[in-house]
Colleague: 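Have a look at the structure that comes next, please.
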Amino acid sequence: QVQLVESGGGLVQPGGSLRLSCAASGSIFSTNNMGWHRQAPGKQRELVAAISSDRGTNYADSVKGRFTISRDNAKNTVYLQMNNLKPEDTAVYYCYALVVTTTQSMRYYWGQGTQVTVSS
């Protein structure tokens, strides 16, 4: 049993910054691939950023240069630093993790989502 809990969302003005956190807990042996999706009303869910041990980091073109993904393996936590936020970044952000459990199964788990609103 694994749970991912997100935090850090909120309301910010254009040009501002937010830092999202996502902590995984439970029967975790290890985590490898982790990242963030977002979904705005009327739009498809979009992969924002991902990080993995073998492939490094990957970003959507729309956030490249503004967002930075990082992780703390010891804490099973992934972060998303968002700078120079734009109204177009408004969405619900969902973290995910590919988790190897203590029973040696491998599955994707998702956070509950956190709202990011960029508006003046």
Side-chain angles (χ1 to χ4, degrees):
Q1 188 175 7
V2 176
Q3 295 181 0
L4 274 63
V5 179
E6 301 181 31
S7 62
L11 175 64
V12 65
Q13 293 183 331
S17 298
L18 286 173
R19 190 191 192 205
L20 306 183
S21 299
C22 176
S25 62
S27 302
I28 300 172
F29 179 79
S30 66
T31 59
N32 186 9
N33 297 322
M34 294 175 283
W36 298 85
H37 285 83
R38 67 184 181 186
Q39 188 166 28
K43 297 183 179 179
Q44 293 183 329
R45 182 170 292 197
E46 174 189 28
L47 177 64
V48 177
I51 185 168
S52 65
S53 298
D54 56 345
R55 294 186 177 273
T57 58
N58 186 41
Y59 298 93
D61 288 340
S62 60
V63 308
K64 196 172 299 182
R66 300 187 296 120
F67 290 12
T68 302
I69 188 170
S70 61
R71 64 182 177 183
D72 185 334
N73 290 331
K75 298 180 179 180
N76 293 315
T77 300
V78 62
Y79 306 93
L80 186 66
Q81 178 66 45
M82 305 184 294
N83 297 326
N84 192 24
L85 283 160
K86 303 176 180 180
E88 304 94 284
D89 297 317
T90 296
V92 178
Y93 285 70
Y94 299 90
C95 67
Y96 72 88
L98 182 61
V99 177
V100 178
T101 69
T102 54
T103 60
Q104 297 183 313
S105 64
M106 185 169 64
R107 300 176 182 178
Y108 279 99
Y109 292 88
W110 293 86
Q112 80 280 8
T114 185
Q115 177 71 48
V116 172
T117 302
V118 184
S119 176
S120 59

Colleague: Transitive ILVMFWY cluster of Val5 at side-chain heavy atoms under 4.5 Å: who else is in it?
Modeller: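 When side chains under 4.5 Å apart are linked, Val5 ends up in no cluster with other residues.
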Colleague: Can Leu47 be reached from Leu80 by stepping across I, L, V, M, F, W or Y side chains whose heavy atoms are under 4.5 Å apart?
Modeller: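 Leu80 does not cluster with Leu47.
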Colleague: Taking Gln115 for the side chain and Gly9 for the main chain, is one N or O donor matched with an acceptor at less than 3.5 Å?
Modeller: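 No, because the side chain of Gln115 does not come within donor-acceptor range (under 3.5 Å) of the backbone of Gly9.
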Colleague: Who pairs with Ser62 by side-chain contact (heavy atoms from CB on, under 4.5 Å), at least two apart in sequence or on another chain?
Modeller: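 Partners of Ser62 by the side-chain contact (heavy atoms from CB on, under 4.5 Å) criterion, ordered by chain and then number, come out as Arg38, Glu46, Ala60.
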Colleague: Evaluate side chain to side chain contact (heavy atoms under 4.5 Å, CB included) for Val99 paired with Phe29, printing each intermediate quantity in order.
Modeller: CA-CA 8 Å; Val99 177; Phe29 179 79; over 6 Å; no
Colleague: Just verifying a value: how many Å separate Ser21 OG and Leu4 CG, rounded to the nearest 0.5 Å?
Modeller: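 Atom-to-atom, Ser21:OG and Leu4:CG are 12.0 Å apart.
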Colleague: Are Val100 and Leu98 linked, directly or through intermediate hydrophobic residues, by side-chain heavy-atom contacts shorter than 4.5 Å (ILVMFWY only)?
Modeller: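 Yes; Val100 is reachable from Leu98 via cluster members.
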Colleague: Would you call Lys86 and Asp89 a salt bridge, using N to O less than 4.0 angstrom?
Modeller: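 Asp89 and Lys86: not salt-bridged.
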Colleague: Do Thr77 and Asp72 pass the side-chain hydrogen bond (donor to acceptor under 3.5 Å, both in side chains) test, and can you show the C-alpha distance, the side-chain angles, and the key distance before you say yes or no?
Modeller: CA-CA 5 Å; Thr77 300; Asp72 185 334; over 6 Å; no
Colleague: Can you hop from Trp36 to Val12 via hydrophobic side chains spaced under 4.5 Å?
Modeller: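 Trp36 clusters together with Val12.
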Colleague: Could you pull out the closest heavy-atom pair between Asn33 and Ser52, with the gap in Å?
Modeller: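 Heavy-atom minimum between the residues: OD1-CB, 2.6 Å.
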Colleague: Does Ser120 use its side chain to pair, donor to acceptor, with the backbone of Gln13 at less than 3.5 Å?
Modeller: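 No: the side chain of Ser120 does not pair with the backbone of Gln13.
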Colleague: Kindly give the heavy-atom pair with the smallest separation between Asn76 and Thr31, and that separation in Å.
Modeller: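 It is OD1-OG1, 3.5 Å.
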Colleague: Apply side-chain hydrogen bond (donor to acceptor under 3.5 Å, both in side chains) to Thr117 and Ser119, showing your working.
Modeller: CA-CA 6 Å; Thr117 302; Ser119 176; over 6 Å; no
Colleague: Give the C-alpha distance, both sets of side-chain angles, the deciding distance and a yes or no for side-chain hydrogen bond (donor to acceptor under 3.5 Å, both in side chains) between Ser17 and Asn83.
Modeller: CA-CA 4 Å; Ser17 298; Asn83 297 326; 2.9 Å; yes
Colleague: Determine whether Phe67 and Leu85 make a side-chain contact, defined as any pair of heavy atoms from C-beta on separated by less than 4.5 Å.
Modeller: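 Phe67 vs Leu85: side chains touch.
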Colleague: Please name all residues satisfying side-chain contact (heavy atoms from CB on, under 4.5 Å) with Arg19, sequence neighbours left out, ordered by chain then number.
Modeller: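 So Arg19 forms a side-chain contact (heavy atoms from CB on, under 4.5 Å) with Tyr79, Gln81.
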Colleague: Look at the side-chain heavy atoms of Ile, Leu, Val, Met, Phe, Trp and Tyr, link any pair under 4.5 Å apart, and say whether Tyr109 and Val78 land in one connected group.
Modeller: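 No, because Tyr109 and Val78 fall into different hydrophobic clusters, even though each may have its own neighbours under 4.5 Å.
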Colleague: Would you say Tyr96 and Ile69 are hydrophobically clustered, going by side-chain heavy atoms of ILVMFWY under 4.5 Å?
Modeller: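 Each belongs to a different hydrophobic cluster.
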Colleague: Which of these passes ring-ring contact (aromatic ring centres under 6.0 Å, His included) with His37: Tyr94, Trp110, Tyr108?
Modeller: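 When ring-ring contact (aromatic ring centres under 6.0 Å, His included) is applied between His37 and each of Tyr94, Trp110, Tyr108, only Trp110 qualifies.
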Colleague: Quick one: pull up OG in Ser25 and CD in Gln1 and give me the separation to the nearest 0.5 Å.
Modeller: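 One finds 9.0 Å between OG of Ser25 and CD of Gln1.
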Colleague: Taking the side chain as everything from C-beta on, heavy atoms only, tell me whether Met82 gets closer than 4.5 Å to Leu20.
Modeller: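 Heavy-atom side-chain distance check passes, below 4.5 Å.
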Colleague: What distance separates Arg71 CZ from Cys22 SG, expressed to the nearest 0.5 Å?
Modeller: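 Result: 13.0 Å between the selected atoms.
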Colleague: Distance check, rounded to the nearest 0.5 Å: Asn73 atom CG versus Ile51 atom CD1?
Modeller: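 Those atoms lie 8.0 Å apart.
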